[in-house]
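This one's a predicted model, so the numbers in the text were calculated from it and none came from an experiment.
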Amino acid sequence: MFDDIKQQLSDLIDAFCLSRGLPTGKVEFRNIPFSGEWGIAAPLFPLAAADPDKSLPVAKKAQALAEALQSQASGLPGFSRVEAVRGYLNLYFEPHSYVGRVVGTVLEQGVRFGSQPQLGKPVMVEYSNPNTHKPLHVGHLRNVILGGSVCNILEASGKRVIRANYIGDIGLHVIKWMCNYEAYHAGEQPSADIMRWMADLYAESDRRFSDDPDFEAQVRAYFGKWDSGDEHVHALWEQTRHWSMQGFQQVYDLLGEHFDRIYFESDVEESGKVMVEKLLKLGIAEDGRPENPVIIDLDKLLGTKEEYRVVVILRSDGTSLYATKELPLAIMKFEEYDLEQSIYVIDVRQSLHMKQMSKVLEVMGYPWAARMHHLAYEIVNLPGNVTMSSRDGTVVLLDDLIREATQRAFEVVQEKNPSLDADSMRDIARKVALGAIKYPMISRENTKIVTFDWDTALDFNGQSAPYIQYAVVRANSILRRLSEPAPRKADFTHDLLPAELNLIEKISQLPDVVQKAAAEFKPSLVATYAFELAQSFNDFYTQCPVLSAVGSARAARLVLVQAAKISLENALSLLGIQSPQVM
RNA sequence: GCCCCAGUGGCUCAAUGGACAGAGCGAGGCACUCCUAACGCCUAGGUUGGGGGUUCGAUUCCCUCCUGGGGCACCA
């Protein structure tokens, strides 16, 4: 909206350069670091450096140029003042019209503020990817929260998104579970908390498998029955997989996640084996059976050295591997949908594997292979650099964490707001607890390891979701006390305090933050933004009385409170965090 | 050996090549007749792992080294 003004300024600088024998096109514009006033800045260092006259150091020369330009630019319309400082020419906008436009836009757009209409080809995001018959722990949580948040942000940035979930429903862990169930729990039905029940039985089967050689032998025999297509075993598999899926659904409901397309590992096993034959016929794969597996030697194929290594696509005994199934799955996705991009939210340890998969598909001639993108994230550790492993018992179960956090949040609500009814308290406690758990998972960069510890996870103060949620509650509590309907628009004609200006500036940044976060797949940018916005609102809250304000300030601040609340709620929503209205 | 990631106050983390490197926690102090203190204010705390380079300007880009983590043929 300031393009015309910038053009005038640009012309003026060009004329200035020509008159002094300096090269044109050396000056670019940027926003002045915000400190209560909006404006654009022109750093004059590049121009100073290009000046053939070297009698002055660059910094001094830049300042001299800025000062020379200052007097000429002072006449330009649209600016309230012009200054030359430390080599920058700063031009400040007249603030009132800017402010009114920002705040008005937010109220008009409401929940859509920060979002663009969704256009174009869809993007598929594959995430969560749990194994049936197994528990979800805090490590899995990062994947779900990150994936879900990336989807929200992509949608807000104007993409159509397909949320995909690839379920590991076959393999040794499933056989172990079923074998243990038949031997020790035959006929039992899951309890109301299905996830928990499945998890307990999984732990039991895992224990028996490693401690009891007899059980191990039983499992092996059971695997044979599965392979030979035993009807009873397959019926039990269908039933128990269904239970597991119900359990996942309970967790997804709790977390507020949903999926548009579910893929099962069992669906692509056969097509994977067919594909191996095809790759052998094409001469891409090498058959080492029966002693050795079927492999693709990518480095040999491509003439690279120790870059793509070797992919094993089928065991020497003819059974399938992870890679066997990944290939047909990738193809299926692009056959089913005309995808702009196919994104895989998978932890960083699988980077080489993902690189190999897209390379194999490229070698096979699929042009879309370049549109696969591995969104790598680091794992969640325990203090002392201990990796979570269900085998070593070093896991924090999702269930336990949510239960504990909810309990603590409930106690805080009881203390802070004893007059609320029990249902409201429970509802608030759940929203606060889930926010507190989710926030640390997405507030750091994807490539940084998250170290889980109970103290941090249950800390509701400082840079945390509850802090941001509390800002929403404060905004709401002002609006709630109003006896008349809140004004929808106002003129910002009163003397704006720095706290108000800072808040408006922060609010105005949301759309840009969303775009950047989408382009880089980084919810952490939104997480940081939401916190800074809450800080700005709290500053405003303590410094600017709203209900007791007089004159035009009251209406203006009421509108600003609404805009802040909308922005906070929208930002939290992108992170998959709900905003309670009271807490 | 090859490849990837990380290294910023005591701790956990921010910072499109641009102005003085910012927050939170922890520490010390202040603050509650005033829209909820799950809040706010002040103070202390930094050679951005080391060394080179590019640039008017580097936490940011390049090279190199160090430290930590991860990956590299029948796990996923």
*asked:* Does either side chain, that of A:Y344 or that of A:N129, offer a donor lying less than 3.5 Å from an acceptor on the other one?
replied: no
*Starting from P on B:rG71, measure out to CD1 on A:I379 and report it in whole angstrom.*
8 Å
*Any chance you could lay out the side chain to side chain donor-acceptor pair (under 3.5 Å) test for A:Q509 and A:K506, step after step, and finish with the verdict?*
CA-CA 5 Å; A:Q509 290 171 2; A:K506 262 299 162 209; 3.0 Å; yes
_Can you identify which nucleotide, out of B:rG1, B:rA76, B:rA73, has its nearest atom closest to the A:E306 side chain?_
B:rG1
_Nearest-neighbour nucleotide for the A:Y322 side chain, B:rA76, B:rA19, B:rC56 considered_ = B:rA76
*Does the side chain of A:R481 get closer than 4.0 angstrom to OP1 or OP2 of B:rU36 through an N or O atom?*
yes
*Using only side-chain N and O atoms of A:R315, determine if any of them is under 4.0 Å from OP1 or OP2 of B:rC75.*
yes
_Strictly below 4.0 Å: does A:Q356 bring a side-chain N or O up to OP1 or OP2 of B:rG71?_
no
*asked:* The side chain of A:R309 is closest to which nucleotide in this list: B:rA15, B:rU36, B:rC2?
replied: B:rC2
*Could you check which nucleotide pairs with B:rG1 in any of the strands shown, counting Watson-Crick or G-U wobble with both distances under 3.5 Å?*
B:rC72
*Want to settle it: does A:P466 or A:K305 sit nearer the 5' end of RNA chain B, counting the closest nucleotide to each?*
A:K305
_If we check side-chain hydrogen bond (donor to acceptor under 3.5 Å, both in side chains) with A:Y377, which of these qualifies: A:N446, A:N143, A:T447?_
A:N143
*Using Watson-Crick or G-U wobble geometry with both distances below 3.5 Å, tell me the partner of B:rG40, or none.*
B:rC30
*Pairwise P distance for B:rA23 and B:rC42, with rounding to whole Å*: 9 Å
_Under 3.5 Å for both donor-acceptor distances, Watson-Crick or wobble: does B:rG7 have a partner, and if so which one?_
B:rC66
*For the side chain of A:Y470, starting at C-beta, report the closest nucleotide among B:rA37, B:rG18, B:rA73.*
B:rA37
*Starting at atom CD of A:E445, determine the distance to atom P of B:rU8, rounded to an integer number of angstrom.*
13 Å
*Nearest listed nucleotide, side chain of A:Y467, among B:rC39, B:rC74, B:rU36*: B:rC39
*Indicate whether A:Y88 forms a stack on B:rA19; treat it as stacked only if centroid distance is below 5.5 angstrom and interplanar angle below 30 degrees.*
yes
*asked:* So, does A:S316 get its side chain near the phosphate of B:rC74, meaning an N or O under 4.0 Å from OP1 or OP2?
replied: no
*Considering every strand shown, what is the Watson-Crick or G-U wobble mate of B:rU59 when both distances are under 3.5 Å?*
none
*asked:* I want to confirm an ordering. Mapping A:T319 and A:N385 to their closest nucleotides on RNA chain B, which one lands closer to the 5' end?
replied: A:N385
_Short side-chain N/O contact to B:rA14 OP1/OP2 from A:K448, under 4.0 Å_ = yes
